[in-house]
Amino acid sequence: MFSLCDKPLADDIISQIAKAKVHLRFMHVCGTHQDTLVKHGLDVLLQQCGVEIGQGPGCPVCVTTPKEIEEILLLAKHGKMITTFGDMTRVPGVSSSLSEMKTEGCDVRTVYSIEDALILAEKHKEKEVVFMAVGFETTAPTTASVLLRDPPLNFSVLCCHRLIPPALQAILQMGELKIDGFIEPGHVSTIIGIKPYEFISNTYQVPQVIAGFEPLDLLMAVWMLVRQIKQGNAVVENEYVRAVKPQGNRKAQHVMQQVFEPVDVKWRGFPLIPQSGLRLRKKFESYDARKKYEDKLVLVAEEEFAEPIGCLCGEVLRGLISSKQCPLFGRECTPDNPVGPCMVSSEGNCHIQYRFAKK
Amino acid sequence: VCLAIPGKIIALDKKKQNATVDYGSGTKRKANVSLVRVKLGNYVLVHAGFAIQVLDEKEALETLALFREMLSLQEAER
């Protein structure tokens, strides 16, 4: 469709980055960016030019907390029909995973879209259907759009949506890692636009570039970050102009505002991040699985659940270690037998590393 | 989860707010278009069954030229 391939141009970009003679560490927060970087060997190539790029907490399945997993497992155990995206079903909880519970007779369905979950609810009026809604700003509007359509009352949502900008701020505030620039996720940005990132550059003097997902997009984003640093700038630039409008998608923002309100939530590997999650507004309470099944979920409401033993997904998600530095990587923890979510999800750092560059 | 695939709208039912999107190589699928303002023939990014943004065809075609221009400006400044 729109081919974005040009070898001489890629060579030019890389040679200009190399000529800049920098030693920088950038972070991105998107599994698809990580996929492109590792699949095409750009991570190694850029490292040779003095630019380290690591993935932060940019995998919705990975940052879903052990407690949220226990909530959905409990609802499955109570006979609800559980619907969610594929990767989510394989994330291990304390005692089980959704896919294991399915083999034990629980009703767990993988869907491609929340609309498929809605169709199941309409078709199976005798069942209580719960959609486990994970995903960042890209996905949240799809959940909102369905809830605005008055779905049947046997349908509800376990809302686990999260917001990217508060997580970026949390990473900088925690200060465990020096980050010289952020590569921002293109598809989250198609929804939110440029403005929600600006406070980060203003407050922390960190440059940011919104990037697309082709190899050239990412190389160019790195080039733009390097240019900002060389010129002493710290602003939000947009490399992905063909898809990201400065104001984002206003229609999607509007449906999100109608349905959700921000709330303080934990992320796997992180403490509570203020205003980084979304919950359903009171008006949509009858579709809120946490309200609807409060009596069942009370069992896990006050409990804290530990990470799997030996699992370093938290450190991977904070960008502190690479997947390969985890002692479980490729040994006890593999895509066929994952210990933590970063090895489960095709957007998880460990899964991507295992798939393209095991050694 | 944030994966989005570009495709072209080849049929549009505005009432039902759905469209048939052609992703090339014979792959066609329905997508919900309630989150975007679209016309027949538009290119859209589709995520989890929903079109989330209209792709700017002109910007897309000019992307490489824009990159080249940025690079040569930088080179000239050295």
Side-chain angles (χ1 to χ4, degrees), chain A residues 1-6 9 12-13 16 19 30-32 35 58-61 85 87-88 111-116 134-139 141-142 144-146 148-149 185-188 190-191 212-213 216-217 219-220 223-224 227 239 241-245 248-249 251-252 255 345-347, chain B residues 1-10 15-19 21-27 29-38 41-78:
Chain A
M1 196 178 308
F2 304 121
S3 167
L4 207 66
C5 290
D6 188 323
L9 181 58
D12 268 2
I13 299 173
Q16 285 205 8
K19 269 190 215 155
C30 177
T32 317
D35 192 280
C59 158
V61 170
F85 300 125
D87 287 346
M88 207 60 234
V111 292
Y112 158 73
S113 163
I114 186 173
E115 292 209 310
D116 299 339
V134 294
F136 299 129
E137 292 92 333
T138 326
T139 322
T142 70
S145 158
V146 161
L148 284 170
R149 264 188 270 159
H187 292 146
V188 163
T190 61
I191 305 293
F213 300 91
L216 267 181
D217 284 321
L219 288 176
M220 202 58 203
W223 182 92
M224 288 164 80
R227 180 178 65 172
E239 179 278 335
V241 281
R242 62 194 186 277
V244 175
K245 316 223 179 337
N249 179 340
K251 231 174 155 183
V255 299
S345 173
S346 55
E347 298 185 322
Chain B
V1 181
C2 293
L3 187 72
I5 317 277
K8 187 177 185 174
I9 295 188
I10 53 165
K15 233 184 208 163
K16 287 188 189 155
Q17 301 216 304
N18 73 41
V21 178
D22 184 352
Y23 298 98
S25 330
T27 310
R29 255 192 110 130
K30 282 246 174 340
N32 180 307
V33 291
S34 65
L35 298 174
V36 286
R37 281 190 190 89
V38 280
N42 277 165
Y43 287 91
V44 286
L45 276 173
V46 180
H47 163 74
F50 284 71
I52 55 163
Q53 192 54 279
V54 182
L55 282 170
D56 190 320
E57 217 175 324
K58 190 171 157 279
E59 291 282 8
L61 294 170
E62 287 172 2
T63 295
L64 289 177
L66 177 74
F67 288 177
R68 280 190 207 104
E69 195 186 312
M70 288 166 76
L71 253 67
S72 62
L73 271 175
Q74 185 75 1
E75 196 64 42
E77 273 175 30
R78 273 172 210 277

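Naming convention: chains lettered A, B, ... in sequence-line order (proteins, then strands); numbering from 1 in each chain.
- Contact between B/Leu3 and A/Glu347 at its shortest, heavy atoms only, is N-OE2, 4.1 Å.
- Of all the heavy atoms in A/Arg149 and B/Phe50, the pair that sits closest is NH2-CZ, 4.0 Å.
- For the options B/Leu66, B/Val44, B/Asn32, heavy-atom pairs under 4.5 Å to chain A are most numerous at B/Asn32.
- Across every non-hydrogen atom of A/Asn249 and B/Ile52, the tightest pair is ND2-O, 2.8 Å.
- In plain terms, the two heavy atoms of A/Ser145 and B/Leu35 that are nearest each other are CB-CD2, 4.2 Å.
- A cation-pi arrangement is found for B/Arg29 relative to A/Tyr112, the charged atom lying closer than 6.0 Å to the ring centre and inside a 45° cone about the ring normal.
- Of the residues A/Thr190, A/Ile191, A/Thr139, the one that meets the side chain to side chain contact (heavy atoms under 4.5 Å, CB included) test with B/His47 is A/Thr139.
- B/Val36 touches chain A through backbone and side chain together, each having a heavy atom under 4.5 Å away.
- Within the 4.5 angstrom heavy-atom criterion, no atom of A/Met88 approaches chain B.
- Between B/Leu64 and A/Cys5, the shortest heavy-atom contact is CD1-O, 4.3 Å.
- Ranked by non-hydrogen atom pairs under 4.5 Å with chain B, the options A/Ala252, A/Ala243, A/Ser346 are led by A/Ala243.
- At a 4.5 Å heavy-atom cutoff, the contact between A/Val255 and chain B is made by side-chain atoms alone.
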Inset, instruction - With side-chain contact (heavy atoms from CB on, under 4.5 Å) as the test, would you mind laying out the steps for A/Leu219 and B/Phe67 before giving the verdict? - result: CA-CA 10 Å; A/Leu219 288 176; B/Phe67 288 177; over 6 Å; no
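- Judged by distance alone, with hydrogens and angles left aside, the side-chain atoms of A/Gln16 form a donor-acceptor pair with the main-chain N or O of B/Leu71 at under 3.5 Å.
- Heavy atoms of B/Thr63 lying under 4.5 Å from chain A belong exclusively to its side chain.
- In terms of heavy-atom pairs under 4.5 angstrom with chain A, the leader among B/Gln53, B/Glu59, B/Lys58 is B/Gln53.
- Here A/Ile13 is the residue among A/Asp217, A/Val188, A/Ile13, A/Val111 with the most heavy-atom pairs under 4.5 Å with chain B.
- Here the CE-CG distance, from B/Met70 to A/Asp12, works out to 13.5 Å after rounding to the nearest 0.5 Å.
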